[in-house]
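Here's the structure, in structure tokens; my notes come after.
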Protein chains: 2
Amino acid sequence: MLRIVIADDHRLFAEGLADALNSVPDMRVVGVVGDGNELAGFLERQPADVVLLDLEMPGGGMEALRRLPAGVPALMVTMHATPEVYRDAVKRGAQGVLSKSVPLAMLAAAVRAAADGKTLPWSATELEAELAVYSSPKLDPGAAALTAREIEILELLARGISSTEELAERLYISQKTVKNHLASIFQKLSVSDRTQAAIEAIRLGIAKPK
Amino acid sequence: MLRIVIADDHRLFAEGLADALNSVPDMRVVGVVGDGNELAGFLERQPADVVLLDLEMPGGGMEALRRLPAGVPALMVTMHATPEVYRDAVKRGAQGVLSKSVPLAMLAAAVRAAADGKTLPWSATELEAELAVYSSPKLDPGAAALTAREIEILELLARGISSTEELAERLYISQKTVKNHLASIFQKLSVSDRTQAAIEAIRLGIAKPK
DNA sequence: GGGGTTTTGGGCCTGTGGGCCCATGGCCGA
DNA sequence: TCGGCCATGGGCCCACAGGCCCAAAACCCC
């Protein structure tokens, strides 16, 4: 799970992006700050794996970038992505620069790459090639341990198929087998009933409600 | 449920905002377009209750505004909210102008006001006074029927507090009362157990997982 | 002040969920 | 080929969930 801090004074953008990133299975936004001067202090109290910085913000995006604690990967996200901005940002320690016009999936990939310590290239073609590796979420170890059948059951569960009887019917297996799978799921997800399992499945992005 | 269309070529912003608005109980983003020229055509196929327009976009925000079908409330959302922009936008039929720096809750209130046909004032103080009326979501008929206590229980449920015992402890009431509330919730949401209730609560935006 | 709703609680009963044990056959990789 | 995981089932037990009926105090609105 990658912990992300967003530094952007445009609250609609920041809050929206936070929601969007939280719906990506392997990411969690742990903080939003609206002022570049607050960022360094905030990161002392709240460790993060990646910081997303707006270029245009109070306190200055470039300035905030320069004052980041060493070793914290940062991505500059800006309306005005130019080669000059890229050069300056990378010189000051950023892992890359992204336009606010890129799709969410590309940002997610870039965040994974940044967390991995990669410095992203500027050119669009190289960038796409680089990010292809990071396109899919690195799921939690817990989630990864789930078997195919278990995931299938979780998907149904998250869609509201909650009774043992109906689950068994949908999967053409006995109710006993369903209960066995569920018991295994509970253990792997560290939960104690199917309600918590459904919530956890939704939270992990394994399954979506409806 | 208010249907919203977002017109903005900054995909990160648009997708993020879409997620954020979808998590507001009474709103649903039904479309995102990245070009002002596409907007009018899109709205013919997909009716909307409110349109959110970016000022700075291909095709021109003001231009797109002018070409909106009559009677569709529109809000201009922009980095550069100035009195001049406000004057021009309102003259062209917009219900108001909001800076991208406002919090999500204010946008949500503004959307409700716009859907109601209100034209929003420019000055911040008047705006706040006007939006106070629209601060709380117009819930779904089904959701609206839920009582305060029932919502409280649903929130806990969606956070993984699933056993009757723990729910009772958290709320300082007897387990019997918890079960009674749950029975009432099941009926109102047309579900049959707490797993489905938790999922429905998340889906309706009444509660968020964790 | 009186009639709705909400919140609180009781009793009772049945069905289901979840814990724990075990067994078999299939499949895959070392 | 053998040991491992997986999917499939069985039996058993008990606690808990959910259904149904009812009741009283609190609250709020007209």
Side-chain angles (χ1 to χ4, degrees), chain A residues 139-202 204 206-207 209, chain B residues 25 133 136-202 204 206-207:
Chain A
L139 284 174
D140 275 1
L146 292 169
T147 70
R149 202 54 158 169
E150 286 162 1
I151 289 176
E152 210 172 339
I153 289 185
L154 272 179
E155 282 169 351
L156 291 175
L157 203 56
R159 280 172 38 203
I161 319 295
S162 54
S163 74
T164 306
E165 185 183 6
E166 210 171 343
L167 286 168
E169 280 170 8
R170 298 249 181 167
L171 297 171
Y172 304 104
I173 56 181
S174 82
Q175 297 195 14
K176 192 62 203 55
T177 303
V178 170
K179 293 177 82 174
N180 283 339
H181 283 311
L182 280 170
S184 166
I185 289 170
F186 295 162
Q187 208 192 335
K188 288 180 180 175
L189 296 184
S190 308
V191 298
S192 51
D193 59 44
R194 49 191 83 189
T195 301
Q196 294 176 357
I199 294 168
E200 193 62 13
I202 293 170
L204 288 173
I206 294 167
Chain B
V133 188
S136 55
K138 288 229 178 4
L139 287 172
D140 276 358
L146 292 168
T147 70
R149 202 54 157 171
E150 288 162 1
I151 289 176
E152 211 172 339
I153 289 184
L154 272 179
E155 281 169 353
L156 290 175
L157 203 57
R159 279 171 40 201
I161 319 294
S162 54
S163 73
T164 307
E165 186 184 5
E166 211 172 340
L167 286 168
E169 281 171 7
R170 298 251 180 166
L171 296 171
Y172 305 106
I173 55 180
S174 82
Q175 298 194 14
K176 193 63 204 48
T177 303
V178 170
K179 293 178 81 174
N180 284 339
H181 284 311
L182 281 170
S184 166
I185 289 171
F186 296 162
Q187 208 194 334
K188 289 180 180 175
L189 295 184
S190 309
V191 299
S192 53
D193 58 45
R194 48 191 84 190
T195 300
Q196 294 176 356
I199 294 167
E200 194 61 13
I202 293 171
L204 287 174
I206 294 168

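Each chain gets a letter, A, B and so on, in the order the sequences are listed, and its residues count up from 1.
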Gap between atom CZ of Arg194(B) and atom CG of Asp193(A) - 0.5 Å precision =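 Answer for the CG-CZ pair, Asp193(A) versus Arg194(B), is 8.0 Å.
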Between CG of Leu189(B) and CD1 of Ile199(B), what distance do you get to the nearest 0.5 Å?
->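 Rounded to the nearest 0.5 Å, the CG-CD1 separation comes to 12.0 Å.
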Measure [atom1]/[X] against [atom2]/[N] and give the value in whole Å, please.
{"X": "Glu165(B)", "N": "dC16(D)", "atom1": "CD", "atom2": "P", "value": "7 Å"}
{"X": "Ile185(A)", "N": "dG19(C)", "atom1": "CD1", "atom2": "C1'", "value": "16 Å"}
{"X": "Phe186(A)", "N": "dT16(C)", "atom1": "CZ", "atom2": "C1'", "value": "12 Å"}
{"X": "Gln187(B)", "N": "dT6(C)", "atom1": "CD", "atom2": "P", "value": "12 Å"}
{"X": "Leu182(A)", "N": "dG9(D)", "atom1": "CG", "atom2": "P", "value": "14 Å"}
{"X": "Arg194(A)", "N": "dG18(D)", "atom1": "CZ", "atom2": "C1'", "value": "14 Å"}
{"X": "Lys179(B)", "N": "dG19(D)", "atom1": "NZ", "atom2": "C1'", "value": "9 Å"}
{"X": "Leu154(A)", "N": "dA7(D)", "atom1": "CG", "atom2": "P", "value": "12 Å"}

Would you mind reading off the bend of the helix from dG1(C)-dC30(D) to dA30(C)-dT1(D) from its two end axes, five pairs each, to 10 degrees?
->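 Both end axes considered, the difference amounts to 60°.
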If you check the Arg149(A) side chain, which of dA17(D), dG18(C), dT8(D) turns out closest?
->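 Minimum distance to the Arg149(A) side chain belongs to dT8(D).
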For DNA chain C, the residues among residues 167-176 of chain A that have a non-hydrogen atom under 4.0 Å from it |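 Output list: Lys176(A).
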In 5'-to-3' order, the base (B), backbone-only (S) or no-contact (-) status of each nucleotide in nucleotides 25-30 of chain D, using a 4.0 angstrom heavy-atom cut-off, is ------
Report yes if some heavy atom in the side chain of [X] is under 4.5 Å from a heavy atom in the side chain of [Y]; otherwise report no.
{"X": "Thr177(A)", "Y": "Arg149(A)", "value": "no"}
{"X": "Glu152(A)", "Y": "Leu156(A)", "value": "no"}
{"X": "His181(B)", "Y": "Leu167(B)", "value": "no"}

Is a salt bridge present between Arg159(A) and Glu155(A), judged by a nitrogen-to-oxygen distance below 4.0 Å?
->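 No, this pair does not count.
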Do the side-chain N or O atoms of [X] get closer than 4.0 angstrom to the phosphate oxygens (OP1, OP2) of [N]?
{"X": "Thr177(B)", "N": "dT7(C)", "result": "no"}
{"X": "Thr147(B)", "N": "dT7(C)", "result": "yes"}
{"X": "Thr164(B)", "N": "dA17(D)", "result": "yes"}

Heavy atoms from other residues, nucleotides or ligands near CD of Gln187(B) exceed 12 (cutoff 6.0 Å) =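 Count not over threshold, so no.
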Can a donor-acceptor pair be found between the side chains of Ser162(A) and Gln196(B) at a distance below 3.5 Å?
->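 Per modelled atom types, Ser162(A) and Gln196(B) side chains form a pair under 3.5 Å.
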Asn180(B) near the nucleic acid: base, sugar-phosphate alone, or nothing, with a heavy-atom cut-off under 4.0 Å?
->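 Base contact - Asn180(B) has a heavy atom under 4.0 Å of at least one base atom.
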